[in-house]
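Down below is the structure, laid out as structure tokens.
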Amino acid sequence: MASLLEMKEIFRSADAVCFDVDSTVIREEGIDELAKFCGVGDAVAEMTRRAMGGTVTFKAALTARLGLIRPSYEQVQKLISDNPPQLTPGIRELVSRLHQRGVQVFLVSGGFQSIVEHVAAQLNIPTANVFANRIKFYFNGEYAGFDETQPTAESGGKGKVITHLKEQFHFKKVVMIGDGATDMEACPPADCFIGFGGNVIRKQVKEKAKWYITHFDELLKELEEL
């Protein structure tokens with residue numbers, strides 16, 4: 001197991017950094033915001049809490065939550081235009097700094113492609129570097145389920161994405177940053193996991209993560225100390 005000093009060195013010399021999105025890159029949980037927008041906020045928020053705590057499988061929670069929300073294509077687009085995701089303070093500067101250093105930045109999310117792509121555009125992250133779940137719609141725009149073949153639809157899916165990135169791009173050092181149990185379990189194959197508690201603190205992650213931060217400035221400082 002790497003020490004904190006070793007983890008900081010891995011972060012400073014990483015080829016790629018993968019960020020969770022909900023409650024990490026953005027302040028809110030995208031699925032909870034969509035649920036509120038569609039009038040089933042409380043029931044879905046409780047399911048999210050259970051999924052984040054690791055007591056149910058991610059896919060089971062996602063299936064149940066989307067089954068309650070049943071969002072239409074129009075509702076998803078209206079949510080993005082009326083209530084755009086709020087970026088977490090410091091993330092724009094951190095991603096920009098990583099890009100300046102030639103580090104590849106990926107968004108690896110259990111949230112939804114359309115919302116995550118909107119976030120990626122604000123951070124100058126190419127769409128090809130987004131891994132998220134895809135909601136399916138019928139031709140009339142009604143909810144038709146979700147793409148169950150996406151790795152992020154499964155428990156352990158974020159680790160599968162990182163394995164794929166290492167194989168495709170031959171990255172030597174990949175860092176995963178996130179607030180939840182699904183992020184922490186992606187290390188390994190990630191070489192380092194940084195727990196993030198700037199928006200919400202998950203007890204399990206705070207207790208188990210060797211490196212735990214509450215503001216992205218802490219990571220910016222690490223990069224500036226070189």
(request) Please test Phe146 against Lys136 for side chain to side chain contact (heavy atoms under 4.5 Å, CB included), starting from the C-alpha separation and ending with a verdict. (result) CA-CA 5 Å; Phe146 65 96; Lys136 296 196 289 195; 5.5 Å; no
(request) Take Trp211 and Phe196 through the side chain to side chain contact (heavy atoms under 4.5 Å, CB included) test and state the conclusion after the steps. (result) CA-CA 9 Å; Trp211 191 359; Phe196 182 73; over 6 Å; no
(request) Apply side chain to side chain contact (heavy atoms under 4.5 Å, CB included) to the pair Asp179 and Glu29, showing each step before the final yes or no. (result) CA-CA 11 Å; Asp179 69 291; Glu29 286 286 324; 4.2 Å; yes
(request) Might you work through the side chain to side chain contact (heavy atoms under 4.5 Å, CB included) test for Asn83 and Phe37, ending with a clear yes or no? (result) CA-CA 9 Å; Asn83 300 309; Phe37 196 75; 3.6 Å; yes
(request) Go through the steps for Gln104 and Asn129 under the test side chain to side chain donor-acceptor pair (under 3.5 Å), then give the verdict. (result) CA-CA 8 Å; Gln104 287 259 31; Asn129 287 20; 3.2 Å; yes
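When atom types are taken as modelled, the side chain of Glu185 and the backbone of Gly156 share a donor-acceptor pair closer than 3.5 angstrom. Judged by distance alone, the side chain of Arg97 and the main-chain N or O of Glu93 form no donor-acceptor pair under 3.5 Å. At least one donor-acceptor pair closer than 3.5 Å links the side chain of Glu28 to the backbone N or O of Gln86. Between the side chain of Asp183 and the main chain of Gly180, a donor-acceptor pair closer than 3.5 Å is present. In this structure, the side chain of Thr88 engages the main chain of Thr24 through a donor-acceptor pair within 3.5 Å. Without hydrogens or angle criteria, Arg65 side chain to Ala43 main chain gives no donor-acceptor distance under 3.5 Å. With hydrogens and angles ignored, the 3.5 Å screen pairs a side-chain donor or acceptor of Arg101 with a backbone N or O of Arg12. Within the 3.5 Å criterion, the main-chain N or O of Asn199 finds no donor-acceptor partner in the side chain of Ser23.
When every heavy atom of Ile135 is checked against every heavy atom of Pro71, the shortest pair comes out as CD1-CG, 4.2 Å. Of all the heavy atoms in Leu62 and Phe112, the pair that sits closest is CD1-CE2, 4.0 Å. Heavy-atom minimum distance, Pro85 versus His118: CD-CD2, 3.5 Å. Closest approach of Ala190 to Cys187, counting heavy atoms only: O-SG, 3.2 Å. A pairwise comparison of heavy atoms in Tyr212 and Gly197 identifies OH-CA, 3.2 Å as the closest pair. Taking both residues in full, the closest heavy atoms of Val25 and Asp20 are given as CG2-O, 3.2 Å, listed atom of the first, atom of the second, then distance.
When side chains are defined from C-beta on, Leu223 counts as touching Leu94, because their heavy atoms get closer than 4.5 Å. Between Gln113 and Val130, the closest side-chain pair of non-hydrogen atoms falls below 4.5 Å. For the pair Ser3 and Leu5, the minimum side-chain heavy-atom distance is below 4.5 Å. Looking at Pro89 and Arg27, their side chains come closer than 4.5 Å, going by heavy atoms from C-beta outward. In this structure, the side chains of Phe216 and Ile177 come closer than 4.5 Å at one or more pairs of heavy atoms.
Separating the CD atom in Glu222 from the CD atom in Glu9 is a distance of 10.0 Å, to the nearest 0.5 Å. Going from atom SG of Cys38 over to atom CD of Glu33 covers 11.5 Å, rounded to the nearest 0.5 Å. If you take CD1 on Ile31 and CD1 on Ile115, they are separated by 8.5 Å, rounding to the nearest 0.5 Å. Distance CG/Leu123 to CD1/Ile91: 6.5 Å, rounded to 0.5 Å. In this structure, Ile80 CD1 and Glu117 CD are separated by 9.0 Å, a value rounded to the nearest 0.5 Å. Rounding to the nearest 0.5 Å places CG of Leu220 at 9.0 Å from NE2 of His215.
Cluster annotation: Leu79 and Leu68 are assigned to the same hydrophobic cluster (Ile/Leu/Val/Met/Phe/Trp/Tyr, side-chain heavy-atom contacts under 4.5 Å, transitive).
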Let me check something: any side-chain donor-acceptor pairs from residues 168-175 under 3.5 Å, sequence neighbours excluded? List them with distances.
unit_1: Gln168; atom_1: OE1; unit_2: His164; atom_2: NE2; d: 2.9
unit_1: Lys173; atom_1: NZ; unit_2: Ser13; atom_2: OG; d: 2.9

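You'll find the ring centres of Tyr143 and Tyr73 outside the 6.0 Å limit.
Here the rule is side-chain hydrogen bond (donor to acceptor under 3.5 Å, both in side chains) with Thr152, and of Thr182, Asp147, Asn133 only Asn133 fits it. Just one residue in the list Val161, Asp191, Asp15 forms a side-chain contact (heavy atoms from CB on, under 4.5 Å) with Lys166, and that residue is Asp191.
Under a cut-off of 6.0 angstrom, the local environment of CZ in Phe137 is crowded, with over 12 non-hydrogen atoms contributed by other residues, nucleotides or ligands. Within 6.0 Å of CD on Gln77 lie more than 12 heavy atoms contributed by other residues, nucleotides or ligands.
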